[in-house]
Amino acid sequence: MGSTADTPQTGRGGSIPAYRYNASLAAGIEQKWQDHWEQDRTFEAPNTAGPLADPAVVAGREKLFILDMFPYPSGSGLHVGHPLGYIATDVFGRFKRMTGKNVLHAIGYDSFGLPAEQHAIVTGIHPRINTESNIANMRRQLRRLGLAHDQRRSISTTDESYYRWTQWIFLQIFNSWYDDRLKKARNITELEKEFESGMRQPTTAQSAKKWKDLSKLEQRKILDDYRLVYLANAPVNWCPGLGTILANEEVTAEGRSDIGNYPVFKRNMRQWTMRITAYADRLLDDLDRLDWPESIKLMQRNWIGRSTGARVRFASAAGEIEVFTTRPDTLFGATFMVLSPEHQLVDALTTKSQQSAVEKYRESARKLNDNERQNDDRKKTGVDTGATATNPVTGQQIPIWIADYVLMGYGTGAIMAVPSGDERDFEFARAYKLPIVAIQMPPGEWFAIHDIAPSPDCASWPSAYVGEGRYINSSNKNISLDGKRSMSQAISLINSWLEKNDFGESAITYKLRNWLFSRQRYWGEPFPIVYDQDDMPHAVPDKLLPVKLPELTDFKPQALDPNDEKTDPLPPLARVTEWLSVELDLGDGKKTYRREVNVMPQWAGSCWYELRYLDPTNTVQFVDAEVERYWMGPKTAGHTGGVDLYVGGVEHAVLHLLYSRFWHKVLFDLGHVSSEEPFHKLFNQGYIQAFAYRDSRGQTVPANEVVEQNGDFIFEGESVAREYGKMGKSLKNIVTPDEMYDEFGADTFRLYEMSTGPLDASRPWNTRDVVGMQRFLQRTWRNLVDEETNKLHVSNDPAPLELRRALHRCIHGVHQDMENLRFNTAISKLIELNNALTMHVNATGSTPREIAVPLTQMLSPLCPHIAEELWQKLGVETPITYTTFPVADPKLLISETIEIPVQINGKLRARLAAPADISDDELRALALADAKVIAALAGATPAKIVIVPKRLINFVL
RNA sequence: GCCCGAGUGGCGGAAUGGCAGACGCGACGGACUCAAAAUCCGUUGUCUGAAAGGGCGUGCGGGUUCGACUCCCGCCUCGGGCACCA
C-alpha cells in the first residue's frame, strides 16, 4: 500500500521532494478520494419515483443517461484496452454533472453465456463461483480507476432478481403476436378474440375449418403459430463442438462458431425462435431516427437486407411454384427455373428418368457445408428435374432445374432464371446450354466496353446485362413493355398485370432470419416454460418466477466430437431428473408438467439491462413506468427516446444492438416502456491495440522484455519480428490497469488513455509514452503545491492579462472539446495552459488563485483524484463534482494584437502584427508597407487582393 | 466480387477551405549531481546554407480555387463489414 496523502514519502537518498506528485503520492490521494466518494455516496443519481427517489434533488435538473456496453466478467480480468470507453463516459459524465445535469452512470456484468461457461469448463470450476470471483476482481480494478458510478445500480445478469425479469420479458414476448394491420405487437388473447368474433380467419394453410369448429388443441396450435416466440422445426446451426445450436449472427462467414471456432452444421431441430423478422421494417426504418454512426446503421441495413420486388407463381405438374424476384420486369426473359435442392416440391416434380441424378445431386449438396460451398470456385452446378413450368407472361414451358446456388433460406427457395439479366443465371445457362433471350437492349457503351457489335442476340454476349435499357421481346397480347426504358415503370406495369391475372403481386423480402433462441447449455437463463401431456408449451405463472437454474455438480455440456453432426444434443438440464418434472395448477387443476431443458442464449440478459439500471431494486415491476419515462422517454414529439449516450465497441453492430432494439420495440408496443428505441445516441470507441513479437520459430515472446535497437527488435539477444494487433494472453503482450496504477497512478492512466487519439480511433498502446501525462500532472501539482512542504503556494494577486486570456481561451476550447467527446485535444489545451502557468510560476513563485481554481475544475473530469486533492487544498466549500464548470468570458477571447499571415499567390511570405480590430483597408495598407512584402512583390502590381477579415491577406499577381 | 472507413515527422496525433506538424513520446544539447535516476531549461519535418534566408513536403496522378491535409475525379495501400440474398 502506498503512502497516504498526508504522510511524507522518503525519496531514495532523500533527494526526491517529499510531496512530489508520483505514483506513490498518487496512490494515497486516489485511495483517499475513492473511499470518500463511497462513504459520501457522491455519484448516486436520484430517481423521480420508487426506492431510489429524491424529488428535491431531481427538481430543476436535466437528466442524462450514459451507458457503457457492460463487460463479460472473464477470468483474466481487465487489460488496459478495456477501460477506454469507461474512462471516456466517466469524463463526459463528470463534465456534464458540472453543467448541472442529473447524470445516471452505472456498470453491470453480462455474466451468463458461452464465454463464461467455456472458461468455467476449462478451469473446472462452477460458473457461478468463477463468475462471482471474476466480478469481484473486475469491481476492484474498476474502483481503482475512480469511475463516478452509482454503485446501487450495478446488476449482474446472473442475479436471480435480474433474470427473474428476463424470464418475465420472455413471457411478454411469448404472449404476444404481431398485428400486420396495426404494425405492432399485441397480446395473444386479443388475437384469440379476433378469431372468435370472426374479425380474423385462420389462413387456409393453417386450417380449412372455421375457428369455432376447431378443437381447443387445434386452436392452440394456430395461436402458437402467431406468437413472437414460438417452437419451430427448422434448419438450425448445430455446433457439436460447443454442444449447442447458434444464431445466424453467431456463425462466421467461414461456417464456424464465433466463439471457439468450431464447425457448424445445418440440420433440422425443434427450437425456440424469436420472430424478429416481424420487426424488420421498423428496425430498418427507425435507424433514420437514431444518432448513430452511419457505418453501424449501414451494417444493420445490410443485415436486415430489405429487397422489394414481386412474388410470381409458375404453374407446374406438381402445383404452383412461387418465386421471389427483385426484377419482375425481366419475366419475359425467364427461360428456366431453379429450385434449391431442399425445396419441398423437388420430389413431386422430378421425372422418373431424372430421379437418380436428382437424388445424387441432393445427397452431395447435403454433404457440403456452407464453408465448402464457398471454396467451390463458384462454378455453378445443377441437375435437370425433367419437369417444366409455365412462364405466365410468355405461356412457354420452361425447364425446372435444381442447383445449390439457390438457397432455401432466402425468398421462397426457388427462382425464375433470367440469364440475359442476371450474372448467376447467365453463368448457369452457359454451363448447361439453356436458352438465353435478351429482354433489354444494352446501351452502346456496354457493347463498346466488351468490344462486340451491338446485337440483341445473346449468343455474342460475354455476360448478362444488368441495368436500365430499352425493353425488347417483352410483350404478349395483354401487356407490352417493349420500347420502355424506365425500370421502375416496367416493374410497376408488370406488377399490376401479375396482380390482375392472379400470377403474383409486389412483395418485400429480407435477409434477416428469425432468431434461434435455445441453447443446449447450462449457464443461461432457464425458460419459464413447461410442457403438458400434448407437448404444448405453457408459461410458468408470474408468481413462480424466477425459474431458478438448478445447482449442478456436472455442468458441462455433453462432450461431442466437433465434427459429429448426427448426434442429438442433450442439454445439461435434462439430466436433473428431480427438477425436470413439476406439479402445477395452470387454471385447470393440478397436473404434472415437464420443464423446458434448454436455456436462453448469451444475448438475452444484455437485451434490456439498461432498463434495470434505472430501477434495480424494484420487486414488482422490471422498471417503474415513471422512472423509465424520466430517464429514457422521448424528448420531443417524434424523438425515439432511449439512452442519451451509449459507448461501446463496433463488434456488437448487428448482434446485441439488433436484438436489444427488437426486445425494446416489443416492450414499447405492449406499453411497458415509453421509448421506442433503447439507445438514442451510439458512439463506437476504437480499440487499444498492441505490438506482439515472435522469434524465428514463430513463438511469441514477452513483449515487455523486447528492446528496440536502431529500429531492430531484440529479445534475449536475438532479433524478433514485430506484429500489430490485439492484446491477448497468447500474444504475451497484455498490460493490465493494475500495473499502470502501481507505476503511474489512476489519474495518469486515465489521462494517457484519453490523450492518445480521438475516441473513435484505434491506437497502439505504448507504456513508454505514459510518462508524458505523469509529467503534466507533476508540473500542475508543483505549480499549486510546494513539493517540500505540501503547502499550497497560490496567491490572491491578479493574473497578468496574457495569462488570464490563455485561461479563457483554454476554458472555451475545453468546453467545446468535452461536449464533443474530443478529450485528446482538451488535454492538449490544458497542457498548454499549464505550460503558460509554469512560466509565470517560474518568474513569480506562485500561481494566481484565479487560474488555480478553474484549472483544477477543468482537470476534474479527466483526473478526478488529484483535482479533489487540490480542491481541498484550495479550500472551496462546494464539492468539486457539483461545482459549475468554468465559463469563458467572451471579452477575454479576443487579443489586442493578432498575427496575420500574408500570402503572395497563396504562398506564405510574411506575418504581420496587427490590432485585433483592424479593418480590411488598414490591413491592405499595413501589408503593402511591410518590407518583406515589398521585396516579394518586387514592384509588381497585384491583379487581385484577397482579404479574409482579421485572418489573412493574399496578393495575386 | 460488392459496400464502408483510413493514409500527415522516428512514433501517437493536431489543423475540415486560410500560418501544416498544436500537445505528448522519443532523440539531441545544457543545468543540477561525485555519478546515475528523477527533475528543470532549450533544440528537433526535410534538403540547402556559417547565418539570415530559400527550396521541398500531408499515399500516388489529375482537377476546382486567389488559396487544398481539407472539396471533386481516377488509382494504390491498409483496416473493417457482407459475400451465389434472386
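Every chain is numbered from 1, with letters handed out A, B, ... down the list of sequences. Excluded from the calculations below are hydrogen atoms, water molecules and symmetry mates; all remaining heavy atoms, backbone and side chain alike, are included.
When the C1' atom is compared between B:C32 and B:C69, the two are found 43 Å apart, to the nearest whole Å. Distance check on atom C1': B:U33 versus B:C40 gives 13 Å, rounded to whole Å. For the P atoms, the distance linking B:C73 with B:U64 amounts to 15 Å, nearest Å. Annotation: B:G1 and B:C84 have their C1' atoms spaced 11 Å apart (nearest Å). Between B:U46 and B:U70, the distance separating the two C1' atoms is 23 Å to the nearest Å. Look at the C1' atom in both B:C19 and B:A14: the space between them is 14 Å, to the nearest Å. When the C1' atom is used for both B:C23 and B:G62, the distance is 35 Å, rounded to whole Å. Using atom C1' as the reference point in both B:G42 and B:G49, the two lie 23 Å apart (nearest Å).
Put simply, the side chain of A:Thr326 never gets that close to the backbone of A:Gly309: no donor and acceptor are under 3.5 Å apart. Although no hydrogens or angles enter the test, the distance criterion places no donor-acceptor pair under 3.5 Å between the side chain of A:Asn954 and the main chain of A:Ile945. In this structure, the side chain of A:Lys944 does not engage the main chain of A:Val956 through any donor-acceptor pair within 3.5 Å. A:Gln685 contributes no side-chain N or O that, together with a main-chain N or O of A:Leu759, makes up a donor-acceptor pair within less than 3.5 Å.
For A:Lys950, the NZ atom counts as densely surrounded, since its 6.0 Å shell holds more than 12 non-hydrogen atoms of other residues, nucleotides or ligands.
Distance CG (A:Asn302) to P (B:C84): 14 Å, rounded to an integer number of Å. Rounding to whole angstrom units, CD1 of residue A:Ile508 and P of B:A86 are separated by 13 Å. One atom, CG of A:Asn905, and another, P of B:U65, lie 15 Å apart when rounded to the nearest Å. Here the C1' atom of nucleotide B:C84 and the NZ atom of A:Lys511 are 11 Å apart, to the nearest Å. Note: OH (A:Tyr724) to P (B:C11) measures 13 Å, nearest angstrom. Per the geometry, NE2 belonging to A:His840 stands 19 Å off C1' belonging to B:C41, to the nearest Å. B:C66 atom C1' lies 15 Å from atom CZ of A:Arg909, rounded to whole Å. The nearest whole Å value for the distance from the CD atom in A:Gln300 to the C1' atom in B:G81 is 13 Å.
Considering only side-chain atoms of A:Arg782, the nucleotide from B:G12, B:C40, B:A14 that sits closest is B:C40. When distances run from any side-chain atom of A:Met299 to the nucleotides B:G81, B:U39, B:C82, the shortest one goes to B:G81. Side-chain proximity of A:Val948 to the nucleotides B:C66, B:G18, B:A38 is greatest for B:G18. The side chain of A:Leu298 has B:C4 as its nearest neighbour among B:C4, B:C84, B:C66. Side-chain proximity of A:Ile415 to B:G13, B:C84, B:A86: nearest is B:A86. The A:Lys944 side chain lies nearest to B:C66 when the options are B:C66, B:C11, B:U39.
Remark: A:Glu802 pairs with A:Arg805 by the salt bridge (Lys or Arg N to Asp or Glu O under 4.0 Å) rule, at least two apart or across chains.
The residues A:Arg301 and A:Glu294 are annotated as salt-bridged, a charged nitrogen and a carboxylate oxygen being separated by less than 4.0 angstrom.
A:Val946 comes within 4.0 angstrom of a nucleotide base, judged by non-hydrogen atoms across all strands. Residue A:Asp425 is out of contact with every strand shown, counting any heavy-atom pair closer than 4.0 Å.
For A:Thr509 and B:A86, the shortest distance from a side-chain N or O to OP1 or OP2 is not below 4.0 Å.
For B:G9, the base is syn relative to its sugar; the glycosidic angle is within 90° of 0.
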Produce a footprint string for nucleotides 19-26 of chain B: one letter per nucleotide, 5' end first; B if the base is under 4.0 Å from any protein heavy atom, S if only the sugar-phosphate is, - if neither. B--BSSSS
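B:G9 is unpaired under the criterion used here, namely a Watson-Crick or G-U wobble arrangement in which both key atom distances are under 3.5 Å. Taking a pair to require two hydrogen-bonding distances under 3.5 Å in either a Watson-Crick or a G-U wobble arrangement, B:A83 remains unpaired. B:A14 is unpaired under the criterion used here, namely a Watson-Crick or G-U wobble arrangement in which both key atom distances are under 3.5 Å. With a cut-off of 3.5 Å on both pairing distances, the Watson-Crick or G-U wobble partner of B:A27 is B:U43. The partner of B:G53, taking Watson-Crick or G-U wobble pairs whose two distances both stay under 3.5 Å, is B:U48. Checking B:G74 for Watson-Crick or G-U wobble geometry (two distances, each under 3.5 Å) identifies B:C60 as its partner.
The aromatic rings of A:Tyr693 and A:Phe713 lie tilted to each other, with the angle between the two planes from 30° to 60°. Classified by interplanar angle (parallel below 30°, tilted 30° to 60°, perpendicular above 60°), the ring pair A:Trp401/A:Phe428 is perpendicular.
Looking only at atom types and distance, the side chain of A:Arg779 has no donor-acceptor partner in the side chain of A:Thr838 under 3.5 Å away.
Toward the 5′ end of RNA chain B lies the nearest nucleotide of A:Gln774, the other residue of the pair A:Ser307 and A:Gln774 mapping further downstream.
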